[in-house]
Amino acid sequence: MKSLIPFLAGALVALGAGWAAFPRVIYQTRPQPVDFSHKVHSDKAGAKCEDCHGFRDDGTFTGSPTLDKCAGCHTAAMGTTAAEKAFIEQYVTPNREPQWRAYAQQPENVFFSHAAHVKLGKLQCDRCHGAIGSTDKLPAHSQDRISGYSRQTMSMDACIDCHRDNKLEHSCMDCHK
């Protein structure tokens with residue numbers, strides 16, 4: 001029995017170390033290329049989500065805005081922040097697209113329509129994306145080194161829970177192609 005105590009203590013230490021270290025090892029965390037404030041754009045400029053994140057003519061979601069959306073207002077500084085000055089110098093003036101890191105990336109076998117959820121389902125962006133629209137800084141992008149998916153990608157369970165809460169039942173093939 002005495003020899004079992006050091007073994008169990010070692011096993012607990014190893015499990016604890018693994019529990020703490022594994023997320024740091026598997027996920028690569030990097031900041032977004034631009035120090036962007038949704039709060040400034042929504043509160044001070046009166047921008048809405050769809051002003052920058054919209055739909056193409058075929059109903060597909062455009063994702064992160066392209067530089068031309070930003071440059072429409074930011075050819076010259078509108079405020080006094082260092083972040084805006086850096087954005088203009090690094091991206092607008094040289095006409096260089098920011099390489100945004102996508103928080104949500106669906107697996108190739110999953111079809112998700114923003115248009116169906118926003119336009120038909122009348123869902124607000126914060127329902128799935130949380131309070132990102134009122135943040136002063138974008139969260140760091142955390143990418144799984146093995147799968148390549150972002151840690152912030154929604155889970156299938158979250159989608160199923162929302163559909164059940166709204167009394168929507170679907171077959172697996174509605175989303176999985």
Side-chain angles (χ1 to χ4, degrees), residues 18-74 83 87 97-177:
W19 186 300
F22 186 71
R24 289 179 181 84
V25 171
I26 196 167
Y27 288 103
Q28 176 182 18
T29 302
R30 296 180 296 174
Q32 288 288 359
V34 176
D35 188 16
F36 181 84
S37 171
H38 278 99
K39 185 175 186 155
V40 166
H41 286 81
S42 62
D43 290 353
K44 291 187 178 175
K48 295 178 177 57
C49 299
E50 59 271 11
D51 292 338
C52 300
H53 306 279
F55 298 99
R56 295 178 190 92
D57 291 338
D58 67 357
T60 58
F61 186 62
T62 59
S64 297
T66 55
L67 184 63
D68 63 326
K69 287 261 189 188
C70 306
C73 297
H74 293 284
F87 174 71
E97 287 286 336
Q99 297 302 302
W100 298 107
R101 293 173 178 88
Y103 292 120
Q105 176 187 355
Q106 298 302 322
E108 289 186 25
N109 69 329
V110 174
F111 173 76
F112 177 83
S113 169
H114 270 92
H117 289 82
V118 174
K119 291 184 176 183
L120 299 175
K122 306 273 190 251
L123 289 180
Q124 297 299 310
C125 301
D126 61 356
R127 173 67 192 249
C128 301
H129 296 283
I132 190 87
S134 61
T135 59
D136 264 329
K137 185 173 176 76
L138 292 174
H141 178 265
S142 188
Q143 181 177 353
D144 186 314
R145 294 176 198 261
I146 297 170
S147 71
Y149 292 115
S150 167
R151 181 181 255 184
Q152 292 97 337
T153 297
M154 284 188 64
S155 70
M156 184 173 79
D157 290 339
C159 298
I160 290 171
D161 290 345
C162 182
H163 279 219
R164 286 195 177 136
D165 290 347
N166 289 289
K167 304 200 180 355
L168 299 167
E169 292 296 326
H170 298 282
S171 75
C172 298
M173 298 307 289
D174 288 340
C175 302
H176 292 275
K177 306 294 181 196

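What you see below is based on every heavy atom in this structure, not just the backbone, and it leaves out hydrogens, waters and symmetry mates.
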Inset, instruction - Heavy atoms only: give me the nearest Met154-Cys128 pair and the separation to one decimal. - result: SD-CB, 3.5 Å
Inset, instruction - Starting at NE2 of His114, measure out to NZ of Lys119 and round the result to the nearest 0.5 Å. - result: 12.5 Å
Legend entry - Polar side chain donor-acceptor pair, Asp68 to Thr66, under 3.5 angstrom: yes
Legend entry - Donor-acceptor pair, side chain of Arg101 and main chain of Pro31, under 3.5 angstrom: yes
Legend entry - From Tyr27 atom OH to Phe22 atom CZ, the distance as rounded to the nearest 0.5 Å: 8.0 Å
Legend entry - Check: Pro33 and Trp100 side chains under 4.5 Å, non-hydrogen atoms: yes
Inset, instruction - Measure the CZ-NE2 distance between Arg127 and His129 for me, rounded to the nearest 0.5 Å. - result: 12.5 Å
Legend entry - Between NE2 on residue His53 and OG on residue Ser64, distance to nearest 0.5 Å: 6.5 Å
Inset, instruction - Taking all heavy atoms of Ala140 and all of Thr29, pick out the closest pair and write down the distance. - result: CB-CG2, 3.5 Å
Inset, instruction - Check whether the ring centres of His41 and His74 lie less than 6.0 Å apart, and answer yes or no. - result: yes
Inset, instruction - Search all heavy atoms of Val34 against all heavy atoms of Leu138 and return the closest pair with its distance. - result: O-CD1, 4.1 Å
Legend entry - Rounded distance (nearest 0.5 Å) linking atom NZ of Lys137 with atom NZ of Lys39: 15.0 Å
Legend entry - Minimum heavy-atom distance Arg145-Val25, with the two atoms named: NE-O, 2.8 Å
Inset, instruction - Please say which of Asp136, Ile132, Asp43 ends up in a side-chain contact (heavy atoms from CB on, under 4.5 Å) with His38. - result: Ile132
Inset, instruction - For the pair Tyr103 (side chain) and Pro139 (backbone), establish whether a donor and an acceptor sit closer than 3.5 Å, ignoring hydrogens and angles. - result: yes
Legend entry - Flag side-chain contact, heavy atom, 4.5 Å: Phe55 against Val118: yes
Inset, instruction - Locate the shortest heavy-atom distance separating Phe87 from Cys70; write the atom from each residue and the value. - result: CZ-CB, 3.6 Å
Inset, instruction - Taking Glu97 for its side chain and Leu67 for its backbone only, find out whether a donor-acceptor pair lies under 3.5 Å. - result: yes
Legend entry - Glu169 atom CD, over 12 foreign heavy atoms within 6.0 Å: yes
Legend entry - Working for salt bridge (Lys or Arg N to Asp or Glu O under 4.0 Å), residues Arg151 and Asp144: CA-CA 7 Å; Arg151 181 181 255 184; Asp144 186 314; over 6 Å; no
Inset, instruction - Check whether any side-chain N or O of Gln143 sits under 3.5 Å from a backbone N or O of Ala102 as a donor-acceptor pair, and report yes or no. - result: no
Legend entry - Beyond-backbone contact of Lys177 with Val110, side-chain heavy atoms, under 4.5 angstrom: no
Inset, instruction - Spell out, as yes or no, whether a donor-acceptor pair under 3.5 Å connects the side chain of Lys167 to the backbone of His163. - result: no
Inset, instruction - Could you tell me the separation between the SG atom of Cys175 and the CE atom of Met156, rounded to the nearest 0.5 Å? - result: 9.5 Å
Inset, instruction - Verify, without hydrogens or angle tests, whether Thr60 (side chain) and Arg56 (backbone) share a donor-acceptor contact under 3.5 angstrom. - result: no
Inset, instruction - For residues Gly133 and Ser42, report the shortest heavy-atom separation together with the two atoms involved. - result: O-OG, 3.5 Å
Inset, instruction - Using atom types as modelled and distance alone, determine if a side-chain donor or acceptor of Asp161 lies under 3.5 Å from a backbone N or O of Ala158. - result: no
